[in-house]
Protein chains: 2
Amino acid sequence: MFQPVSPIRAYERVVDQIEQAVFTGRLRPGARLPSERDLMTQFGVSRSTIREALRVLQSNGMIQSRAGDPRGPEILAASPENLHKSMRRLARTSMSLGELLQFRMLLEGSAYLLAARLRSADELAEMDVALAAMAAAVDEGYSAFSDADVAFHEAVARATQNTLIVVCSDVVREVVVDLIADRIAHAADQRALMLSYLRHHTEVLQAIRDGDGELASQLARRALHDSYAPYLPETEREMLSPLLG
Amino acid sequence: MFQPVSPIRAYERVVDQIEQAVFTGRLRPGARLPSERDLMTQFGVSRSTIREALRVLQSNGMIQSRAGDPRGPEILAASPENLHKSMRRLARTSMSLGELLQFRMLLEGSAYLLAARLRSADELAEMDVALAAMAAAVDEGYSAFSDADVAFHEAVARATQNTLIVVCSDVVREVVVDLIADRIAHAADQRALMLSYLRHHTEVLQAIRDGDGELASQLARRALHDSYAPYLPETEREMLSPLLG
DNA sequence: TGGCATTTGTACGTATGTATC
DNA sequence: AGATACATACGTACAAATGCC
């Protein structure tokens, strides 16, 4: 009959009101919040309460306040940084490698499909540069090779022009690579591994250059599967097979 | 030659240290932090600084502190809530409807593909229930229909067993629906719209029942495209076509 | 350029309601 | 039921940083 009541803290009410103002567009990026002292009188709470609210908003990337700035805290535009952080935390702490690979295959599969069709000449040139860097890095060791590899994947993701594809791909790739980094570090033949990756990337880039999205997508998914499935426990491998088609 | 210096606040150093302890697993979910008074002596900062740090950690979903609890703030397991919030903010404020639809098509396309292959009998039953609720809601109005629609999509997403698919689908669907809610509210014939959606969902559910992932995926992508592309400006329509194959 | 007024950052003290034993 | 320790919230004070004149 009655709802359990959970006390709403003073600072939460402050956060909520300011968040609402931002969401509804009443406060636009670049605008300034009143000073902390003004806010305490407007909200009728103490300065510590205001400060706790501002810290929360700041950690959510919604405002930025600098010591001594008489213009007050600034409203910031939404940035992918916060999304990146929270997705990484969830991915790292409560997802299996199989789930991550599954998500990465579906994401990159579609990213390569889109990139092959929508890429500009400049974006294709970026991929060429990254691939050349990978080839050059084979003799410099896995760390340099991996950096070039990241640049290649980022160039493809950016070519889709889709913010969520860029951010999600970035996070998932990072976490997957983290999870198996030590196994690669102890791999018997790192050079053979790098050459294999290089061949995969060369093929898929050719498909992108040709505008063959279906081929690029399939090559990318298969390369991901073949490269990482061996690190999976048996029971998790079948969850990837539907994405190979 | 020189790096720009940005002063690191006291509360940030506190947050960083506690975050590190959580990430490295030194503090596991369910564990307790020392009381605020203990933390001030351990970190050598004032109470307000500790409290600002705890507020930030709490807003990030990493801890929960309750007044009067002598066991101290509790370390929480990572939850999708924070990811949901930050993704929604980015999607709402800095992505076009075209980008969102593109992402939704690739996500749901893969989700239906996976669901058709991996679903359990229980999960299929959930979809049946949701579809029946949609059919029943046609006469109750668009709001009830939309609720049942959400339940259907959530059942499909959950059947993939992939946390990121569930969360991302949920966010993107919500934002897309928000963006065109008013246009649907003023649609000439809401009933025809609902019947059309109902037919799409019936077809795709049959494909899932048959285990035909490719068909389910294609139907889902085409239904999304046909339902929402009319709301797009001309220039944004071609970015969706690669995903129709 | 330097100095001033204002703002934020931090510290400390105190009162009050609350959860646990 | 009482004792204890806790978080919440308020207020004051001072140092450091900033913008502006």
Side-chain angles (χ1 to χ4, degrees), chain A residues 2-19 21-22 27-77, chain B residues 2-19 21-22 27 29-76:
Chain A
F2 294 111
Q3 301 281 340
V5 293
S6 68
I8 299 179
R9 310 280 171 228
Y11 85 93
E12 281 190 77
R13 279 193 285 252
V14 176
V15 168
D16 285 345
Q17 284 199 47
I18 298 180
E19 267 185 351
V22 173
L27 282 174
R28 307 198 151 278
R32 300 295 184 138
L33 244 39
S35 75
E36 294 184 359
R37 282 176 181 76
D38 286 348
L39 287 172
M40 35 181 299
T41 68
Q42 289 190 36
F43 282 102
V45 296
S46 78
R47 189 152 157 236
S48 347
T49 301
I50 292 293
R51 287 183 57 78
E52 288 173 22
L54 292 181
R55 287 297 88 84
V56 168
L57 292 168
Q58 190 164 28
S59 96
N60 288 349
M62 302 185 58
I63 68 166
Q64 184 187 29
S65 68
R66 297 164 50 227
D69 190 336
R71 295 168 300 184
E74 181 181 1
I75 309 289
L76 298 179
Chain B
F2 294 110
Q3 301 280 340
V5 292
S6 66
I8 299 178
R9 310 286 170 221
Y11 85 92
E12 279 190 80
R13 278 192 285 252
V14 175
V15 168
D16 286 345
Q17 285 199 47
I18 298 180
E19 267 185 351
V22 173
L27 283 174
R32 300 296 184 138
L33 243 41
S35 76
E36 294 186 358
R37 284 175 183 77
D38 286 348
L39 287 172
M40 27 181 305
T41 68
Q42 289 190 37
F43 283 102
V45 297
S46 79
R47 185 90 186 276
S48 356
T49 301
I50 292 293
R51 287 181 59 77
E52 288 175 22
L54 292 181
R55 284 296 93 85
V56 168
L57 292 168
Q58 191 164 25
S59 95
N60 288 350
M62 301 186 58
I63 68 167
Q64 183 186 31
S65 71
R66 295 161 50 224
D69 190 337
R71 293 169 299 185
E74 181 182 0
I75 309 288
L76 298 179

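Since we're looking at a predicted model, the values are computed, not measured. Chain letters run A, B, ... following the sequence lines, proteins first and then strands; every chain starts at 1. As a basis for the values below, the full set of heavy atoms in this structure was taken, side chains included, without hydrogen atoms, waters or symmetry mates.
- Nucleotide C/dT7 holds its C1' atom 15 Å from the CD atom of A/Gln64, rounded to whole Å.
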Indicate for each nucleotide in nucleotides 16-21 of chain C, in 5' to 3' sequence, whether protein heavy atoms under 4.0 Å reach the base (B), only the sugar-phosphate (S), or nothing (-). --BBS-
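- Closest heavy-atom contact between B/Glu19 and B/Leu57: CG-CD2, 4.0 Å.
- Between A/Leu76 and A/Gly61, the closest heavy-atom pair is CB-O, 3.8 Å.
- Nearest heavy atoms, B/Pro73 versus B/Ile63: CB-CD1, 4.2 Å.
- Not one side-chain nitrogen or oxygen of B/Ser65 sits closer than 4.0 Å to the OP1 or OP2 atom of D/dA7.
- What separates CD of A/Glu36 from C1' of D/dA16 is a distance of 14 Å, to the nearest Å.
- For the pair B/Val56 and A/Ser59, the tightest heavy-atom approach, listed with the atom from each and the gap, is CG1-CB, 3.5 Å.
- Residues B/Tyr11 and B/Thr49 come closest through the heavy atom pair N-CG2, 3.6 Å.
- Residues A/Arg55 and A/Ser65 bring a donor and an acceptor atom of their side chains to less than 3.5 Å of each other.
- Note: CG (A/Leu33) to P (C/dT7) measures 14 Å, nearest angstrom.
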Carefully, step by step, assess A/Leu54 and A/Leu33 under the rule side-chain contact (heavy atoms from CB on, under 4.5 Å). CA-CA 10 Å; A/Leu54 292 181; A/Leu33 244 39; 4.1 Å; yes
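- Listed by residue number, A/Arg47, A/Arg51, A/Arg55 are the residues of residues 38-58 of chain A with a heavy-atom contact under 4.0 Å to DNA chain C.
- When all heavy atoms of A/Arg32 and A/Arg71 are compared, the closest pair comes out as CB-O, 3.1 Å.
- Taking atom CD1 on B/Ile8 and atom P on D/dA17, their separation rounds to 14 Å, with Å as the unit.
- For the pair B/Arg9 CZ and D/dA16 P, the interatomic distance rounds to 13 Å; values are reported in whole Å.
- In this entry the distance linking OH of A/Tyr11 with C1' of D/dA7 reads 12 Å, nearest Å.
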